[in-house]
Amino acid sequence: MEYSVGNKAINYKTYTNSAVNNFAKVAEDKNPIHLDFEYAVNTIFEKPVVHGMLAASQISNLIANSLPSPESIYKSQSLIFKRPIFYNDKIKCKVEIISIVEEKKTIELKTICTNEDNEVVIEGIAVIKLL
């Protein structure tokens, strides 16, 4: 496949109570801010928030399945968590190629996730090695 700076891919995901609970089990992250409604009411968020790393996995899904492709592997990913994601939020994830180093078979992607209000919830840079 040919790649060019500016190529983009997008996906969408809604984070349900079930998805958060399943992630908590797999990751063994039982922080009550994610799982306990009574606890979360008394925090700055006033309700449970989705694990940041669960939402960040949406970026991995997009990279592996769309751009660049299943024939790639992560080298690195920076993440800045800008806003909370709440249960049942529909998140739009976009990756965009910002540089290509052909001799190293490396692609750098801008990664950005936004909520339904088009507010940035996660942003970063991914470096991907083409296999």
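Counting begins at 1 with the first residue of the sequence.
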Please determine if Lys13 forms a cation-pi arrangement with Tyr15, meaning its NZ or CZ atom is less than 6.0 Å from the six-membered ring centre and no more than 45° off the ring axis.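 Yes; both conditions hold, so Lys13 lies above the ring face of Tyr15.
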Tell me, please, whether Tyr12 has Lys92 positioned over its six-membered ring: NZ or CZ under 6.0 Å from the ring centre and within 45 degrees of its axis? no
Would you indicate whether [X], at its atom [atom1], is surrounded by more than 12 heavy atoms from other residues, nucleotides or ligands within a distance under 6.0 Å?
X	atom1	result
Glu119	CD	yes
Glu46	CD	no
Lys25	NZ	no
Ile10	CD1	yes
Lys110	NZ	no

I'd like to check Tyr74 versus Ile128 (side-chain heavy atoms, cut-off strictly below 4.5 Å). Are they in contact? yes
Any Ile122 side-chain heavy atom under 4.5 Å of Thr111 side chain: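 A side-chain contact under 4.5 Å is absent here.
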In terms of hydrophobic clustering (I, L, V, M, F, W, Y; side-chain heavy atoms under 4.5 Å; direct or indirect links), are [X] and [Y] co-clustered?
X	Y	answer
Val49	Ile44	yes
Ile98	Leu62	no
Ile112	Val121	no
Val127	Ile97	no

Atom pair [atom1]/[atom2] of [X] and [Y] - distance to nearest 0.5 Å:
X	Y	atom1	atom2	value
Lys47	Ile33	NZ	CD1	11.5 Å
Ser99	Ile125	OG	CD1	8.5 Å
Asn31	Asp29	CG	CG	5.5 Å
Tyr3	Ile100	OH	CD1	9.0 Å
Phe37	Asn42	CZ	CG	14.0 Å
Asn115	Lys82	CG	NZ	13.0 Å

Please confirm whether the backbone N or O of [Y] pairs with a side-chain atom of [X], one donor and one acceptor, at under 3.5 Å?
X	Y	result
Asn65	Asn61	yes
Ser66	Ile63	no
Asp89	Phe86	yes
Gln58	Ile91	yes
Thr106	Lys104	yes
Thr16	Ala19	yes
Asn21	Asn17	yes

Residue pair Ile107, Leu109: steps toward the side-chain contact (heavy atoms from CB on, under 4.5 Å) verdict: CA-CA 6 Å; Ile107 293 176; Leu109 299 158; 4.1 Å; yes
Using 30° and 60° as the class limits, which term best fits the ring planes of His34 and His51: parallel, tilted or perpendicular? parallel
Checking side-chain contact (heavy atoms from CB on, under 4.5 Å) for the pair Phe81/Glu123: CA distance, chi angles, key distance, verdict? CA-CA 7 Å; Phe81 299 99; Glu123 66 182 358; over 6 Å; no
Determine, stepwise, if the pair Ile59 / Cys113 fulfils side-chain contact (heavy atoms from CB on, under 4.5 Å). CA-CA 8 Å; Ile59 300 167; Cys113 299; 3.9 Å; yes
